[in-house]
S.K.: 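Sharing a structure, written as C-alpha coordinates. Questions coming.
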Number of protein chains: 2
Amino acid sequence: MTEGLRERKKLATRQALHLAALQLVAERGLDAVSVDDIAERAQVSSRTFFNYFPSKVDAVVGLDPTTPFQVSSDFSARPATESPVQALRAVQRARAQEMAEEEELWPLRMTVIDAHPSLVQRLIAAFGEAELALAEAIAERTGTRVGVDVYPTLLAAVQGCAMRISLQRWVATDFTASLPDLVDEAWDALAAGLPAPPRAAT
Amino acid sequence: MTEGLRERKKLATRQALHLAALQLVAERGLDAVSVDDIAERAQVSSRTFFNYFPSKVDAVVGLDPTTPFQVSSDFSARPATESPVQALRAVQRARAQEMAEEEELWPLRMTVIDAHPSLVQRLIAAFGEAELALAEAIAERTGTRVGVDVYPTLLAAVQGCAMRISLQRWVATDFTASLPDLVDEAWDALAAGLPAPPRAAT
DNA sequence: GCGGAATGTTGCACGCTCTGCAAGTTTGCA
DNA sequence: TGCAAACTTGCAGAGCGTGCAACATTCCGC
(Lines give C-alpha, C1' and ligand atoms only; values in the text may rest on other atoms or scores of the structure.)
Protein backbone atom coordinates (compact mmCIF):
# COMPACT_ATOMS: atom_id res chain seq x y z
CA MET A 1 0.00 0.00 0.00
CA THR A 2 2.26 2.79 1.26
CA GLU A 3 5.57 2.80 -0.46
CA GLY A 4 7.95 1.03 1.85
CA LEU A 5 8.82 1.23 5.52
CA ARG A 6 11.39 3.93 4.98
CA GLU A 7 8.96 6.36 3.42
CA ARG A 8 6.36 5.76 6.07
CA LYS A 9 8.86 6.32 8.87
CA LYS A 10 10.01 9.58 7.34
CA LEU A 11 6.49 10.86 7.05
CA ALA A 12 5.73 9.83 10.62
CA THR A 13 8.83 11.59 11.91
CA ARG A 14 7.98 14.72 9.98
CA GLN A 15 4.45 14.79 11.34
CA ALA A 16 5.65 14.03 14.86
CA LEU A 17 8.06 16.97 14.69
CA HIS A 18 5.43 19.31 13.33
CA LEU A 19 2.88 18.28 15.92
CA ALA A 20 5.40 18.54 18.74
CA ALA A 21 6.38 22.00 17.57
CA LEU A 22 2.78 23.08 17.31
CA GLN A 23 1.81 21.81 20.73
CA LEU A 24 4.84 23.18 22.51
CA VAL A 25 4.44 26.62 20.98
CA ALA A 26 0.74 26.59 21.81
CA GLU A 27 1.64 25.80 25.42
CA ARG A 28 4.59 28.13 26.00
CA GLY A 29 4.94 30.55 23.11
CA LEU A 30 7.52 30.51 20.36
CA ASP A 31 10.43 32.02 22.25
CA ALA A 32 10.15 29.61 25.13
CA VAL A 33 10.49 26.60 22.86
CA SER A 34 13.88 25.48 21.55
CA VAL A 35 14.68 23.09 18.77
CA ASP A 36 15.97 20.70 21.41
CA ASP A 37 12.58 20.72 23.12
CA ILE A 38 10.81 19.88 19.89
CA ALA A 39 13.24 17.13 18.97
CA GLU A 40 12.98 15.62 22.42
CA ARG A 41 9.19 15.47 22.34
CA ALA A 42 9.29 13.90 18.88
CA GLN A 43 11.85 11.35 20.10
CA VAL A 44 14.65 12.21 17.73
CA SER A 45 17.97 13.97 18.15
CA SER A 46 18.12 17.69 17.59
CA ARG A 47 20.46 17.06 14.68
CA THR A 48 17.78 14.98 13.00
CA PHE A 49 15.35 17.84 13.40
CA PHE A 50 17.36 19.77 10.84
CA ASN A 51 17.14 16.88 8.39
CA TYR A 52 13.42 17.58 8.25
CA PHE A 53 13.04 21.33 8.71
CA PRO A 54 15.53 24.09 8.02
CA SER A 55 14.43 26.12 11.02
CA LYS A 56 12.21 26.19 14.03
CA VAL A 57 9.56 28.34 12.43
CA ASP A 58 9.33 26.02 9.45
CA ALA A 59 8.58 23.13 11.76
CA VAL A 60 5.80 25.05 13.45
CA VAL A 61 4.23 26.17 10.20
CA GLY A 62 4.85 22.70 8.85
CA LEU A 63 3.95 23.18 5.22
CA ASP A 64 4.99 20.70 2.63
CA PRO A 65 7.34 22.66 0.33
CA THR A 66 5.33 21.56 -2.71
CA THR A 67 2.01 22.86 -1.36
CA PRO A 68 2.36 26.46 -2.55
CA PHE A 69 2.89 25.30 -6.12
CA GLN A 70 -0.37 23.41 -6.03
CA VAL A 71 -2.15 26.70 -6.58
CA SER A 72 -0.55 27.36 -9.93
CA SER A 73 -1.13 23.85 -11.24
CA ASP A 74 -4.73 23.90 -10.00
CA PHE A 75 -5.17 27.22 -11.70
CA SER A 76 -3.88 25.88 -14.99
CA ALA A 77 -6.31 22.99 -14.73
CA ARG A 78 -9.36 25.25 -14.59
CA PRO A 79 -11.45 25.59 -17.76
CA ALA A 80 -10.19 28.29 -20.12
CA THR A 81 -13.64 29.83 -20.27
CA GLU A 82 -13.22 31.18 -16.76
CA SER A 83 -11.61 34.55 -16.22
CA PRO A 84 -8.43 34.47 -14.16
CA VAL A 85 -10.26 35.94 -11.19
CA GLN A 86 -13.03 33.36 -11.44
CA ALA A 87 -10.48 30.56 -11.73
CA LEU A 88 -8.48 31.73 -8.72
CA ARG A 89 -11.60 32.09 -6.64
CA ALA A 90 -12.55 28.52 -7.49
CA VAL A 91 -9.06 27.23 -6.70
CA GLN A 92 -9.04 28.99 -3.35
CA ARG A 93 -12.53 27.85 -2.47
CA ALA A 94 -11.47 24.25 -3.06
CA ARG A 95 -8.33 24.72 -1.01
CA ALA A 96 -10.31 26.38 1.77
CA GLN A 97 -12.70 23.47 1.80
CA GLU A 98 -9.84 21.02 2.28
CA MET A 99 -8.37 23.06 5.11
CA ALA A 100 -11.68 23.35 6.89
CA GLU A 101 -12.10 19.59 6.70
CA GLU A 102 -8.90 18.95 8.59
CA GLU A 103 -10.61 20.10 11.74
CA GLU A 104 -7.87 18.99 14.06
CA LEU A 105 -4.91 20.40 12.23
CA TRP A 106 -5.67 23.75 10.62
CA PRO A 107 -7.40 25.54 13.46
CA LEU A 108 -4.57 24.68 15.85
CA ARG A 109 -2.02 25.60 13.22
CA MET A 110 -3.65 28.93 12.45
CA THR A 111 -4.20 29.82 16.09
CA VAL A 112 -0.53 29.32 16.81
CA ILE A 113 0.64 31.08 13.66
CA ASP A 114 -1.67 34.05 14.18
CA ALA A 115 -0.24 34.65 17.64
CA HIS A 116 3.32 35.06 16.39
CA PRO A 117 4.35 37.63 13.77
CA SER A 118 7.39 35.66 12.68
CA LEU A 119 5.18 32.67 11.89
CA VAL A 120 2.74 34.80 9.93
CA GLN A 121 5.71 36.12 8.04
CA ARG A 122 6.84 32.60 7.23
CA LEU A 123 3.38 31.65 6.00
CA ILE A 124 3.28 34.68 3.73
CA ALA A 125 6.74 33.78 2.46
CA ALA A 126 5.43 30.32 1.61
CA PHE A 127 2.75 31.88 -0.57
CA GLY A 128 5.41 34.10 -2.09
CA GLU A 129 7.56 31.19 -3.18
CA ALA A 130 4.96 30.10 -5.69
CA GLU A 131 4.07 33.59 -6.84
CA LEU A 132 6.31 33.54 -9.87
CA ALA A 133 4.99 30.18 -11.02
CA LEU A 134 1.43 31.41 -10.67
CA ALA A 135 2.22 34.66 -12.44
CA GLU A 136 3.57 32.66 -15.34
CA ALA A 137 0.43 30.54 -15.48
CA ILE A 138 -1.70 33.68 -15.48
CA ALA A 139 0.43 35.24 -18.19
CA GLU A 140 0.07 32.08 -20.23
CA ARG A 141 -3.70 32.17 -19.96
CA THR A 142 -4.14 35.88 -20.67
CA GLY A 143 -1.47 36.43 -23.26
CA THR A 144 0.39 38.86 -21.02
CA ARG A 145 4.06 38.81 -20.12
CA VAL A 146 5.59 38.52 -16.67
CA GLY A 147 8.14 41.29 -16.24
CA VAL A 148 6.38 43.56 -18.70
CA ASP A 149 2.71 43.73 -17.77
CA VAL A 150 1.40 44.43 -14.29
CA TYR A 151 -1.44 42.02 -14.56
CA PRO A 152 0.00 38.57 -13.96
CA THR A 153 2.35 39.64 -11.19
CA LEU A 154 -0.21 41.76 -9.43
CA LEU A 155 -2.94 39.16 -9.58
CA ALA A 156 -0.62 36.47 -8.28
CA ALA A 157 0.30 38.70 -5.35
CA VAL A 158 -3.25 39.80 -4.62
CA GLN A 159 -4.38 36.19 -4.61
CA GLY A 160 -1.99 35.56 -1.72
CA CYS A 161 -3.48 38.53 0.13
CA ALA A 162 -6.98 37.19 -0.34
CA MET A 163 -6.06 33.85 1.18
CA ARG A 164 -4.11 35.43 4.00
CA ILE A 165 -6.91 37.77 4.98
CA SER A 166 -9.48 35.00 4.76
CA LEU A 167 -7.41 32.83 7.08
CA GLN A 168 -6.93 35.73 9.45
CA ARG A 169 -10.65 36.34 9.62
CA TRP A 170 -11.26 32.63 10.09
CA VAL A 171 -9.08 32.74 13.19
CA ALA A 172 -10.79 35.93 14.34
CA THR A 173 -14.19 34.24 14.25
CA ASP A 174 -12.74 31.37 16.26
CA PHE A 175 -13.38 29.10 13.26
CA THR A 176 -17.13 29.53 13.45
CA ALA A 177 -17.28 31.12 9.98
CA SER A 178 -17.07 29.03 6.84
CA LEU A 179 -13.63 29.47 5.33
CA PRO A 180 -14.87 29.04 1.74
CA ASP A 181 -17.46 31.75 2.39
CA LEU A 182 -14.79 34.08 3.71
CA VAL A 183 -12.77 33.44 0.58
CA ASP A 184 -15.80 34.30 -1.51
CA GLU A 185 -16.34 37.54 0.35
CA ALA A 186 -12.78 38.61 -0.31
CA TRP A 187 -13.09 37.85 -4.03
CA ASP A 188 -16.41 39.66 -4.26
CA ALA A 189 -14.71 42.80 -3.01
CA LEU A 190 -11.72 42.35 -5.29
CA ALA A 191 -13.76 41.61 -8.40
CA ALA A 192 -15.84 44.72 -7.78
CA GLY A 193 -12.73 46.89 -7.66
CA LEU A 194 -12.71 47.43 -3.91
CA PRO A 195 -15.48 50.04 -3.77
CA ALA A 196 -16.31 51.51 -0.39
CA PRO A 197 -19.11 49.29 0.93
CA PRO A 198 -22.51 50.97 1.39
CA ARG A 199 -22.97 52.24 4.92
CA ALA A 200 -25.28 50.07 6.93
CA ALA A 201 -28.44 51.87 7.98
CA THR A 202 -28.22 52.27 11.74
CA MET B 1 19.41 73.61 14.11
CA THR B 2 19.60 69.87 14.62
CA GLU B 3 18.77 68.91 18.13
CA GLY B 4 22.05 68.46 19.92
CA LEU B 5 25.26 66.60 19.25
CA ARG B 6 23.98 63.37 20.70
CA GLU B 7 21.03 63.13 18.33
CA ARG B 8 23.15 63.96 15.32
CA LYS B 9 25.74 61.35 16.24
CA LYS B 10 23.09 58.70 16.65
CA LEU B 11 21.59 59.44 13.29
CA ALA B 12 25.02 59.42 11.67
CA THR B 13 25.86 56.06 13.21
CA ARG B 14 22.56 54.60 12.09
CA GLN B 15 23.07 55.78 8.54
CA ALA B 16 26.68 54.60 8.54
CA LEU B 17 25.58 51.14 9.62
CA HIS B 18 22.82 50.98 7.04
CA LEU B 19 25.10 52.15 4.25
CA ALA B 20 27.86 49.76 5.28
CA ALA B 21 25.39 46.89 5.32
CA LEU B 22 24.00 47.84 1.94
CA GLN B 23 27.39 48.15 0.28
CA LEU B 24 28.82 44.98 1.76
CA VAL B 25 25.81 42.92 0.77
CA ALA B 26 25.88 44.43 -2.72
CA GLU B 27 29.52 43.38 -2.99
CA ARG B 28 29.45 39.89 -1.50
CA GLY B 29 25.87 38.79 -0.99
CA LEU B 30 23.97 38.52 2.26
CA ASP B 31 25.40 35.25 3.52
CA ALA B 32 28.98 36.34 3.07
CA VAL B 33 28.50 39.38 5.29
CA SER B 34 28.48 39.11 9.07
CA VAL B 35 27.36 41.61 11.64
CA ASP B 36 31.01 42.03 12.61
CA ASP B 37 31.86 43.05 9.06
CA ILE B 38 29.16 45.69 9.03
CA ALA B 39 30.12 47.06 12.43
CA GLU B 40 33.76 47.21 11.45
CA ARG B 41 33.09 49.18 8.28
CA ALA B 42 30.87 51.59 10.22
CA GLN B 43 33.59 51.99 12.86
CA VAL B 44 31.64 50.75 15.83
CA SER B 45 31.74 47.59 17.91
CA SER B 46 29.53 44.71 16.96
CA ARG B 47 27.75 45.11 20.26
CA THR B 48 26.79 48.65 19.32
CA PHE B 49 25.35 47.37 16.06
CA PHE B 50 22.58 45.73 18.06
CA ASN B 51 21.80 48.99 19.80
CA TYR B 52 20.68 50.28 16.41
CA PHE B 53 19.25 47.30 14.58
CA PRO B 54 17.78 44.10 15.99
CA SER B 55 19.22 41.97 13.21
CA LYS B 56 21.39 41.94 10.14
CA VAL B 57 18.50 42.02 7.70
CA ASP B 58 17.00 45.04 9.43
CA ALA B 59 20.24 46.93 8.96
CA VAL B 60 20.28 46.13 5.26
CA VAL B 61 16.67 47.10 4.70
CA GLY B 62 17.28 50.07 6.95
CA LEU B 63 13.76 51.37 7.37
CA ASP B 64 12.89 53.77 10.09
CA PRO B 65 10.39 51.88 12.26
CA THR B 66 7.93 54.76 12.06
CA THR B 67 7.89 54.82 8.23
CA PRO B 68 5.22 52.17 7.72
CA PHE B 69 2.79 54.08 9.89
CA GLN B 70 3.18 57.13 7.71
CA VAL B 71 0.82 55.48 5.24
CA SER B 72 -2.09 55.36 7.62
CA SER B 73 -1.65 58.94 8.81
CA ASP B 74 -1.25 60.19 5.24
CA PHE B 75 -4.38 58.28 4.34
CA SER B 76 -6.34 59.90 7.13
CA ALA B 77 -5.19 63.29 5.96
CA ARG B 78 -6.70 62.88 2.48
CA PRO B 79 -9.97 64.69 1.74
CA ALA B 80 -13.03 62.72 2.76
CA THR B 81 -14.53 63.17 -0.69
CA GLU B 82 -12.07 60.66 -2.11
CA SER B 83 -12.92 56.98 -2.09
CA PRO B 84 -10.53 54.81 -0.07
CA VAL B 85 -8.99 53.48 -3.27
CA GLN B 86 -8.47 56.97 -4.66
CA ALA B 87 -6.95 58.11 -1.40
CA LEU B 88 -4.55 55.18 -1.18
CA ARG B 89 -3.49 55.66 -4.77
CA ALA B 90 -2.69 59.28 -4.02
CA VAL B 91 -0.77 58.39 -0.86
CA GLN B 92 1.28 55.81 -2.69
CA ARG B 93 1.95 58.08 -5.64
CA ALA B 94 3.35 60.69 -3.26
CA ARG B 95 5.44 58.11 -1.45
CA ALA B 96 6.69 56.75 -4.77
CA GLN B 97 7.69 60.24 -5.83
CA GLU B 98 9.76 60.68 -2.69
CA MET B 99 11.50 57.37 -3.18
CA ALA B 100 12.30 58.09 -6.80
CA GLU B 101 13.85 61.39 -5.77
CA GLU B 102 16.35 59.73 -3.48
CA GLU B 103 18.22 58.51 -6.52
CA GLU B 104 21.24 57.33 -4.62
CA LEU B 105 19.53 55.41 -1.89
CA TRP B 106 16.42 53.63 -3.13
CA PRO B 107 17.70 52.02 -6.29
CA LEU B 108 20.68 50.54 -4.42
CA ARG B 109 18.43 49.50 -1.59
CA MET B 110 15.90 47.85 -3.87
CA THR B 111 18.51 46.13 -5.99
CA VAL B 112 20.04 44.55 -2.93
CA ILE B 113 16.70 43.65 -1.38
CA ASP B 114 15.32 42.18 -4.59
CA ALA B 115 18.28 39.83 -4.85
CA HIS B 116 17.65 38.21 -1.46
CA PRO B 117 14.36 36.54 -0.52
CA SER B 118 14.88 37.08 3.19
CA LEU B 119 15.22 40.82 2.63
CA VAL B 120 12.10 40.93 0.50
CA GLN B 121 10.36 39.10 3.29
CA ARG B 122 11.53 41.68 5.80
CA LEU B 123 10.31 44.53 3.62
CA ILE B 124 6.90 42.92 3.31
CA ALA B 125 6.83 42.44 7.06
CA ALA B 126 7.51 46.15 7.47
CA PHE B 127 4.41 46.92 5.42
CA GLY B 128 2.53 44.38 7.48
CA GLU B 129 3.36 46.10 10.77
CA ALA B 130 1.25 49.07 9.84
CA GLU B 131 -1.55 47.06 8.29
CA LEU B 132 -3.74 47.09 11.37
CA ALA B 133 -3.38 50.84 11.83
CA LEU B 134 -4.28 51.40 8.19
CA ALA B 135 -7.22 49.01 8.39
CA GLU B 136 -8.53 51.01 11.32
CA ALA B 137 -8.21 54.25 9.42
CA ILE B 138 -10.08 52.71 6.49
CA ALA B 139 -12.77 51.38 8.79
CA GLU B 140 -13.09 54.82 10.31
CA ARG B 141 -13.58 56.43 6.95
CA THR B 142 -16.02 53.90 5.54
CA GLY B 143 -18.05 53.08 8.61
CA THR B 144 -16.94 49.45 8.54
CA ARG B 145 -15.49 47.44 11.39
CA VAL B 146 -12.09 45.76 11.52
CA GLY B 147 -12.56 42.17 12.62
CA VAL B 148 -16.07 42.01 11.22
CA ASP B 149 -16.04 43.30 7.65
CA VAL B 150 -13.60 42.15 4.99
CA TYR B 151 -13.20 45.54 3.47
CA PRO B 152 -10.78 47.43 5.70
CA THR B 153 -8.47 44.50 6.32
CA LEU B 154 -8.43 43.38 2.72
CA LEU B 155 -7.81 46.83 1.33
CA ALA B 156 -4.99 47.45 3.79
CA ALA B 157 -3.37 44.20 2.71
CA VAL B 158 -3.90 44.74 -1.00
CA GLN B 159 -2.38 48.19 -0.73
CA GLY B 160 0.84 46.57 0.49
CA CYS B 161 0.76 44.24 -2.51
CA ALA B 162 0.36 47.15 -4.89
CA MET B 163 3.42 48.89 -3.50
CA ARG B 164 5.45 45.72 -3.41
CA ILE B 165 4.69 44.80 -7.00
CA SER B 166 5.35 48.34 -8.16
CA LEU B 167 8.75 48.30 -6.49
CA GLN B 168 9.50 44.91 -7.95
CA ARG B 169 8.69 46.14 -11.44
CA TRP B 170 10.74 49.26 -10.84
CA VAL B 171 13.76 47.08 -10.16
CA ALA B 172 12.93 44.91 -13.17
CA THR B 173 13.04 47.92 -15.48
CA ASP B 174 16.38 48.88 -13.96
CA PHE B 175 14.76 52.05 -12.61
CA THR B 176 14.05 53.42 -16.06
CA ALA B 177 10.30 53.39 -15.47
CA SER B 178 8.61 56.06 -13.40
CA LEU B 179 7.71 54.60 -10.04
CA PRO B 180 4.59 56.76 -9.61
CA ASP B 181 3.41 55.57 -13.03
CA LEU B 182 3.92 51.96 -12.04
CA VAL B 183 1.89 52.61 -8.91
CA ASP B 184 -0.88 54.07 -11.06
CA GLU B 185 -0.89 51.06 -13.33
CA ALA B 186 -1.34 48.74 -10.39
CA TRP B 187 -4.22 50.77 -9.02
CA ASP B 188 -5.88 50.97 -12.42
CA ALA B 189 -6.00 47.20 -12.52
CA LEU B 190 -7.22 46.93 -8.94
CA ALA B 191 -9.90 49.57 -9.29
CA ALA B 192 -11.22 47.83 -12.39
CA GLY B 193 -11.59 44.55 -10.51
CA LEU B 194 -8.60 42.81 -12.07
CA PRO B 195 -10.22 41.96 -15.41
CA ALA B 196 -8.16 40.00 -17.89
CA PRO B 197 -6.48 42.66 -20.01
CA PRO B 198 -7.46 42.73 -23.69
CA ARG B 199 -5.12 40.70 -25.83
CA ALA B 200 -2.78 42.84 -27.85
CA ALA B 201 -3.38 42.51 -31.57
CA THR B 202 -0.31 40.81 -32.99
C1' DG C 1 17.91 -15.48 4.37
C1' DC C 2 22.37 -12.78 2.92
C1' DG C 3 25.29 -9.10 1.79
C1' DG C 4 26.31 -4.91 -0.30
C1' DA C 5 24.40 -0.33 -1.64
C1' DA C 6 21.60 3.36 -0.42
C1' DT C 7 19.57 6.04 2.92
C1' DG C 8 18.75 7.85 7.56
C1' DT C 9 20.34 9.05 12.38
C1' DT C 10 23.37 10.79 15.56
C1' DG C 11 27.20 13.25 18.00
C1' DC C 12 30.67 16.63 17.56
C1' DA C 13 32.73 20.84 16.37
C1' DC C 14 32.23 25.25 14.76
C1' DG C 15 30.73 29.97 13.50
C1' DC C 16 27.17 33.14 13.76
C1' DT C 17 23.17 35.70 15.96
C1' DC C 18 21.32 38.07 19.65
C1' DT C 19 20.71 39.36 24.71
C1' DG C 20 21.78 40.77 29.57
C1' DC C 21 24.98 42.78 32.44
C1' DA C 22 28.49 45.67 34.25
C1' DA C 23 31.93 48.41 33.48
C1' DG C 24 33.81 52.81 31.15
C1' DT C 25 33.06 56.98 28.28
C1' DT C 26 30.68 60.98 26.34
C1' DT C 27 27.07 64.46 26.29
C1' DG C 28 23.62 67.49 28.43
C1' DC C 29 22.52 70.78 31.73
C1' DA C 30 22.31 73.57 35.85
C1' DT D 1 32.55 72.62 36.92
C1' DG D 2 30.38 68.69 38.23
C1' DC D 3 26.50 65.57 38.43
C1' DA D 4 23.03 62.85 35.88
C1' DA D 5 21.59 60.77 31.79
C1' DA D 6 22.64 58.42 27.73
C1' DC D 7 25.79 55.82 24.75
C1' DT D 8 29.58 52.41 23.79
C1' DT D 9 31.95 48.44 24.66
C1' DG D 10 33.59 43.77 26.15
C1' DC D 11 32.26 39.58 28.12
C1' DA D 12 29.61 35.62 28.97
C1' DG D 13 26.14 32.68 27.47
C1' DA D 14 22.12 30.45 25.17
C1' DG D 15 20.40 29.15 20.89
C1' DC D 16 20.45 28.44 15.79
C1' DG D 17 22.04 26.08 11.81
C1' DT D 18 25.66 23.41 9.01
C1' DG D 19 29.44 20.20 7.58
C1' DC D 20 31.48 16.00 8.61
C1' DA D 21 32.22 11.30 9.79
C1' DA D 22 30.69 7.21 12.22
C1' DC D 23 26.97 4.20 13.05
C1' DA D 24 22.34 1.99 12.21
C1' DT D 25 18.60 0.72 9.29
C1' DT D 26 16.19 -0.33 5.07
C1' DC D 27 16.19 -1.90 0.40
C1' DC D 28 16.91 -5.14 -3.19
C1' DG D 29 18.94 -8.63 -6.11
C1' DC D 30 20.40 -13.20 -5.61
Side-chain angles (χ1 to χ4, degrees), chain A residues 1-18 20-22 24-25 27-65 116-119 121-122 125-126, chain B residues 1-18 20-22 24-25 27-65 116-119 121-122 125-126:
Chain A
M1 43 160 293
T2 45
E3 348 155 302
L5 177 57
R6 200 171 254 167
E7 291 303 313
R8 269 180 290 139
K9 270 197 174 178
K10 274 183 71 173
L11 189 61
T13 304
R14 192 184 169 83
Q15 287 174 343
L17 280 168
H18 173 45
L22 221 41
L24 283 168
V25 174
E27 288 166 19
R28 306 183 205 162
L30 187 61
D31 292 345
V33 174
S34 72
V35 169
D36 287 345
D37 296 333
I38 299 170
E40 193 184 3
R41 182 169 291 198
Q43 315 247 37
V44 292
S45 74
S46 35
R47 186 64 189 80
T48 298
F49 173 94
F50 289 107
N51 291 343
Y52 285 87
F53 295 100
S55 75
K56 186 170 67 174
V57 297
D58 280 84
V60 180
V61 175
L63 291 183
D64 184 313
H116 300 276
S118 60
L119 299 178
Q121 220 179 307
R122 184 63 192 81
Chain B
M1 45 158 292
T2 45
E3 351 155 301
L5 177 58
R6 198 171 257 167
E7 290 304 312
R8 267 180 290 138
K9 268 195 173 176
K10 274 183 70 174
L11 188 62
T13 304
R14 191 184 169 83
Q15 286 174 342
L17 280 168
H18 173 45
L22 219 42
L24 283 168
V25 174
E27 289 165 18
R28 306 183 206 161
L30 187 62
D31 293 344
V33 175
S34 73
V35 169
D36 286 348
D37 296 334
I38 299 169
E40 192 183 4
R41 182 169 292 198
Q43 315 246 37
V44 292
S45 75
S46 35
R47 187 62 187 82
T48 298
F49 173 93
F50 289 107
N51 290 341
Y52 285 87
F53 296 99
S55 74
K56 186 169 68 174
V57 297
D58 279 84
V60 180
V61 175
L63 292 184
D64 184 313
H116 301 275
S118 60
L119 299 178
Q121 222 179 305
R122 184 64 193 81

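All chains are named by letter (A, B, ...) in the order of the sequence lines, taking the proteins before the strands, and each is independently numbered beginning at 1. Just so you know, these numbers come straight off a predicted model, no measurement behind them.
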S.K.: Considering only D/dT8, D/dT18, D/dC11, which nucleotide approaches the side chain of B/N51 most closely?
M.R.: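 The nucleotide sitting nearest to the side chain is D/dT8.
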S.K.: At under 4.0 Å between heavy atoms, what does A/S46 touch on the DNA or RNA strands: base, sugar-phosphate, or nothing?
M.R.: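 Result for A/S46 = nothing.
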S.K.: Let me see the working for B/V35 and B/F53 under side chain to side chain contact (heavy atoms under 4.5 Å, CB included), right down to the final yes or no.
M.R.: CA-CA 10 Å; B/V35 169; B/F53 296 99; over 6 Å; no
S.K.: Hey, does the side chain of B/Y52 come within less than 4.0 Å of D/dC7's phosphate (OP1/OP2), counting only N and O?
M.R.: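 No, outside the criterion.
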S.K.: Test A/H116 against A/V60 for side chain to side chain contact (heavy atoms under 4.5 Å, CB included), laying out the working first.
M.R.: CA-CA 11 Å; A/H116 300 276; A/V60 180; over 6 Å; no
S.K.: Tell me whether the OP1 or OP2 atom of C/dG8 has a side-chain N or O from A/K9 closer than 4.0 Å.
M.R.: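 So the side-chain polar atoms of A/K9 never come under 4.0 Å of the phosphate oxygens OP1 or OP2 of C/dG8.
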S.K.: Taking B/K56 for the side chain and B/I38 for the main chain, is one N or O donor matched with an acceptor at less than 3.5 Å?
M.R.: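 Checking the backbone N and O of B/I38 against the side chain of B/K56, no donor-acceptor pair under 3.5 Å is found.
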S.K.: Consider the side chain of A/S45, meaning its heavy atoms from C-beta on, and name the nucleotide among C/dC16, D/dT9, C/dG11 that approaches it most closely.
M.R.: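 Of the candidates, C/dG11 comes closest.
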S.K.: Kindly say if B/T48 contacts the phosphate of D/dT8, meaning a side-chain N or O under 4.0 Å from OP1 or OP2.
M.R.: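 Result: no.
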S.K.: Below 4.0 angstrom from OP1 or OP2 of D/dG15, is there any side-chain N or O of A/K56?
M.R.: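 For D/dG15, neither OP1 nor OP2 has a side-chain N or O of A/K56 closer than 4.0 Å.
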S.K.: Note down the inter-axis angle between the two ends of the helix from C/dG1-D/dC30 to C/dA30-D/dT1, five pairs each, to the nearest 10°.
M.R.: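 Answer rounded to 10°: the end axes differ by 20°.
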S.K.: Do any N or O atoms of the protein come closer than 3.5 Å to N or O atoms of nucleotides 3-6 of chain C, and which pairs are they?
M.R.:
unit_1 : atom_1 : unit_2 : atom_2 : d
C/dA6  : N3     : A/R6   : NH2    : 3.3

S.K.: With a 6.0 Å cut-off (strictly less than), is the heavy-atom count around CD of A/E40, excluding the residue itself, greater than 12?
M.R.: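 Counting other residues, nucleotides and ligands, CD of A/E40 stays at 12 neighbours or fewer.
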S.K.: Can you check the A/L17 CG to D/dG17 C1' distance for me, whole Å?
M.R.: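 It is 15 Å, rounded to the nearest whole Å.
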S.K.: Is A/R47 side chain donor-acceptor paired with the D/dG17 base, going by distance under 3.5 Å alone?
M.R.: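 A donor-acceptor contact between them is absent.
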S.K.: Is any side-chain heavy atom of B/R47 less than 4.5 Å from a side-chain heavy atom of B/N51?
M.R.: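 B/R47 reaches B/N51 side chain to side chain.
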